[in-house]
Colleague: 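Starting off with a structure, shown below.
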Amino acid sequence: MNYIKMMNAYFGFYNYMRKKAIKRSDRYNCMQRLSAEATKLTKEQEKKIKDFWAPYENVTTIFHQMYYEKTGVFSEKYIPIDVYTNVIDEYFNPRNEGKYIDNKCYYNAFFGKIRQPEFAVLRSGGFWYNEQMQMVNEEDVANIVANENELFVKVATESYGGKGVKYINKDNNIVEEFFDFVKKTNCDIIAQRAVKQHKDIAAVNESSVNTVRMISLLSKDGPKIYSSIFRVGMKGKKVDNYTSGGLTVGINENGLLNKYAYNDKGERFDKHPSNGFVFEGYEIPGYKKARELVMKAHPMIPHFRLVSFDVAIDENGEPIFIEANLCKGSVEIHEFNNGPLFGEDTKMVLDEVYGIKDKNIEGSAKL
Amino acid sequence: MSFYRLKKCCFEFYHKCRRIGIKRLWRKRYKARLRNTARLTAEHKIRLKEFYAPYAKVSPVFHQVYYESTGNFSEKYLPADLYFNVIDEYFNDRSEAKYLDNKCYYKKLFPGIRQPEYAIARVGKYWFDENDNVISYEKVKEIISKESELFIKVATDSCGGSGVSYISREKGDMVNQFEKFECKTDFIAQRALHQHKDMSAINESSVNTIRVISFLTEDEVKIYSSIVRAGQKGSKCDNSTGGGVSIGIDDNGNLKKYGYEISGKRYDRHPTNDFVFEGHPIPSFNKVTELVKKVHPMVSHFRLVSWDICIAEDGEPVLLEANLCRGSLDVHQYNNGPLFGEDTKKILDEVFGKNK
């Protein structure tokens with residue numbers, strides 16, 4: 001079956017080119033973030049980086065330079081973004097499976113026992129369902145939507161960066177806007193009711209639902225949350241993620257915000273630029289419960305070991321599971337705010353990813 | 001990005017070659033089943049050609065096999081190559097089925113539906129007990145040693161009954177037998193299901209399952225065909241590829257007169273134990289259809305699904321397996337005639353885009 005061999009060969013070539021393009025793009029973005037009078041790394045720092053990464057990859061030092069410049073912290077353990085996307089994330093998460101399983105319409109199935117936002121209607125495989133998961137026709141859908149005050153209509157798959165989310169409300173032709181949005185795509189759709197967030201969270205930025213993002217690695221001993229950040233929208237924006245210009249602030253183990261927030265460019269702020277809100281030491285209500293939710297939810301999708309969870313906190317301080325990013329979760333938001341992603345475990349994790357377990361084991365090859 | 005376009009071209013070429021291979025395979029299989037006891041008349045051939053003319057070029061070998069085996073001619077029988085290459089691919093996303101059709105996910109995809117109990121499951125690199133808790137391998141061994149018999153099944157891609165292993169205390173140490181099972185992907189260890197006596201009557205040694213093929217539309221879940229699959233005497237498995245017999249179920253829930261082997265040979269009684277099929281009632285058949293109608297909308301990405309259901313001792317149906325794509329065709333058409341019956345033209349129009 002030579003055509004199979006040919007296809008596999010082409011696949012290999014295609015993936016190689018794809019990763020090369022990602023590497024180029026990540027490095028370009030990194031260079032864009034560095035300022036003109038970039039703080040250059042010392043020879044000693046460059047040596048530390050080369051020594052640390054030598055068993056694994058031939059890394060460029062620009063990412064470490066970027067983190068050093070923006071955060072003032074140097075560590076050889078920062079992970080270059082292209083290495084994270086092309087190697088680490090691919091090792092822990094099967095991308096092909098993620099394409100199909102990372103579907104908000106399946107959340108009820110996979111995360112059944114976890115609290116999630118209510119939804120009014122969803123469309124799966126072209127069929128509409130109401131909130132009791134009974135099949136309904138388009139007329140019923142129009143009636144259901146007309147009775148809602150406001151909805152977040154989301155594309156169920158691959159909606160990163162906040163695109164594929166539309167906010168509609170009663171004051172603004174809700175039914176027309178709804179069908180306008182859903183007719184543009186064949187993908188699965190879910191129309192969720194708004195989550196009323198805790199007043200202490202709303203205080204940071206009124207207009208958006210501000211979520212807690214935690215990245216968790218699943219191993220034999222269970223899930224371990226390596227970094228938590230709080231995502232805040234800009235004034236007037238309804239979405240909080242940072243590709244839409246939002247800010248991210250690190251959260252420490254006690255649920256208190258770090259001093260600085262960072263934006264996409266790596267610029268940092270000690271207070272919210274639109275409303276002057278000061279971040280340092282602010283307590284995120286329900287943070288411990290949000291962590292427990294992630295510890296409970298991650299083993300429900302054990303095929304994906306490195307998952308980024310988005311959790312909102314409702315008005316009673318209870319956590320609500322919003323989204324699980326089963327692959328390609330951002331790494332820079334974590335590293336700006338909380339330092340090297342895997343911290344002290346970096347070497348151990350890299351050893352596993354690159355197949356270097358024990359120097360005594362014969363023939364342990366690079367992945 | 002032209003690499004993307006090139007990849008698409010490569011993909012399309014690969015699938016074209018693959019489908020040609022499948023077409024050749026099915027035509028060869030059916031040709032081998034011909035016994036030349038009955039030939040299609042010229043009129044038959046014309047009807048066949050006229051019916052399929054708007055859709056595709058079909059080989060008459062399939063209709064000839066059905067005519068020989070069942071004594072019925074209908075131009076609406078679906079050729080196996082057309083079914084697998086076009087119709088099944090149109091209604092079911094094969095790539096998604098590869099990941100979703102995982103027995104370890106059934107509990108989550110089909111909540112509230114009765115399924116076989118399981119002792120442990122391995123999903124990814126982690127072991128789970130029956131309450132979905134992550135457990136260590138030591139605990140796994142402890143649990144296995146306490147069971148008396150288990151069916152260990154590969155969770156994905158287990159067509160044709162391969163990837164199922166039966167272990168029991170009678171054969172030796174449970175943990176020893178368990179560790180002999182080799183599987184690099186997910187698997188699940190289910191407890192044995194004791195079937196209703198009316199189902200055992202058909203063939204004592206195997207769990208005789210009911211296979212239902214259902215089609216999801218906006219208005220309803222339409223059940224096009226139901227059959228019972230019974231194993232050979234002494235065989236533990238019931239599927240046709242393992243040499244079993246399939247018997248059609250009529251609208252009243254009773255077995256039809258004849259059962260068929262995969263070769264098309266038909267029997268009015270079970271070939272090894274002489275059980276007469278005609279009129280034997282399937283216990284709780286109405287509950288079986290209710291279960292299928294309840295469960296198909298839970299996997300709405302797949303519109304043409306083949307369900308395997310077993311009747312437990314208490315008469316309640318238990319969902320064993322959901323074949324989200326590539327469900328067998330011949331067992332249905334031998335026993336119950338053309339798969340889509342009166343709807344054949346309407347469905348082919350949809351598949352081939354004729355109703356735009």
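Chain letters run A, B, ... following the sequence lines, proteins first, then strands; residues in each count from 1.
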Colleague: Mind checking the OH-CG spacing from B:Y99 to A:N96? Nearest 0.5 Å is all I need.
Modeller: 4.0 Å
Colleague: Check whether B:F13 gets within reach of chain A through its side chain, its backbone, both or neither, counting any heavy atom under 4.5 Å.
Modeller: side chain
Colleague: Heavy-atom distance under 4.5 Å to chain B: side chain of A:F111, backbone, both or neither?
Modeller: neither
Colleague: What distance separates A:Y100 OH from B:K98 NZ, expressed to the nearest 0.5 Å?
Modeller: 8.5 Å
Colleague: Evaluate the criterion side chain to side chain contact (heavy atoms under 4.5 Å, CB included) for residue pair B:Y105 and A:F110; output intermediate values, then yes/no.
Modeller: CA-CA 8 Å; B:Y105 290 165; A:F110 285 99; 3.8 Å; yes
Colleague: Could you look at A:L218 and say if it's the side chain, the backbone, both or neither that has a heavy atom under 4.5 Å from chain B?
Modeller: both
Colleague: A side-chain contact here means heavy atoms from C-beta on lying under 4.5 Å apart; do B:F11 and A:F11 qualify?
Modeller: yes
Colleague: Non-hydrogen atoms of chain A under 4.5 Å away: do they reach the side chain of B:N102, the backbone, both or neither?
Modeller: side chain
Colleague: Measuring from B:K294:NZ to A:M133:CE, what's the distance to the nearest 0.5 Å?
Modeller: 13.0 Å
Colleague: Calculate, to the nearest 0.5 Å, the distance between atoms CZ and NE2 belonging to A:F127 and B:H296 respectively.
Modeller: 7.5 Å
Colleague: Heavy atoms only, distances under 4.5 angstrom: which of B:S136, B:C10, B:G21, B:S95 has the most pairs with chain A? Name it, please.
Modeller: B:S95
Colleague: Measure B:T217 against the heavy atoms of chain A and call it side chain, backbone, both or neither at under 4.5 Å.
Modeller: backbone
Colleague: Measure across A:E352 and B:K125 and return the closest heavy-atom pair with its distance rounded to 0.1 Å.
Modeller: OE2-NZ, 3.5 Å
Colleague: Counting only non-hydrogen atoms closer than 4.5 Å, does B:P111 touch chain A with its backbone (N, CA, C, O), its side chain (CB onward), both, or neither?
Modeller: neither
Colleague: Taking all non-hydrogen atoms of both residues, which atom of A:Y129 and which atom of B:P297 are closest, and how far apart?
Modeller: OH-O, 2.6 Å
Colleague: Please flag which part of B:D219 lies under 4.5 Å from any non-hydrogen atom of chain A: side chain, backbone, both or neither.
Modeller: neither
Colleague: Please state whether the side chain, the backbone, both or neither of A:D221 comes within less than 4.5 Å of a heavy atom of chain B.
Modeller: neither
Colleague: How about A:R115: does its CZ atom have over 12 heavy atoms from other parts shown lying under 6.0 Å from it?
Modeller: yes
Colleague: For B:R326, does the CZ atom sit with more than 12 other heavy atoms under 6.0 Å from it, leaving out its own atoms?
Modeller: no
Colleague: Taking atom CZ as the centre, does A:F179 end up with more than 12 heavy-atom neighbours from other residues, nucleotides or ligands that are less than 6.0 angstrom away?
Modeller: yes
Colleague: Please classify the contact of B:N133 with chain A as side chain, backbone, both or neither, using a heavy-atom distance under 4.5 Å.
Modeller: neither
Colleague: Please round to the nearest 0.5 Å and tell me the distance separating atom NE2 of A:H303 and atom OH of B:Y126.
Modeller: 11.0 Å
Colleague: Determine whether more than 12 heavy atoms belonging to other residues, nucleotides or ligands lie under 6.0 Å from atom NZ of B:K107.
Modeller: yes
Colleague: Tell me, with the steps shown, if B:V221 and A:M135 meet side chain to side chain contact (heavy atoms under 4.5 Å, CB included).
Modeller: CA-CA 10 Å; B:V221 176; A:M135 233 194 249; 5.7 Å; no
Colleague: Using a 3.5 Å distance criterion without hydrogens, assess whether the side chain of A:S124 forms a donor-acceptor pair with backbone atoms of B:S300.
Modeller: no
Colleague: Does any heavy atom of chain B fall under 4.5 Å from the side chain of A:N8, the backbone, both, or neither of them?
Modeller: neither
Colleague: If you take all heavy atoms of A:P302 and B:V123, which pair is closest and at what distance?
Modeller: CG-CG1, 3.4 Å
Colleague: Please check if the number of heavy atoms outside A:K23 that lie under 6.0 Å from its NZ is greater than 12.
Modeller: no
Colleague: Does atom CD of A:Q32 have more than 12 heavy-atom neighbours from other groups under 6.0 Å away?
Modeller: yes
Colleague: Does any heavy atom of chain A fall under 4.5 Å from the side chain of B:V134, the backbone, both, or neither of them?
Modeller: side chain
Colleague: Decide yes or no on side chain to side chain contact (heavy atoms under 4.5 Å, CB included) for B:L6 and A:Y14, but give the supporting numbers first.
Modeller: CA-CA 9 Å; B:L6 201 46; A:Y14 172 78; over 6 Å; no
Colleague: What part of A:F304 gets within 4.5 angstrom of chain B, counting heavy atoms only: side chain, backbone, both, or neither?
Modeller: neither
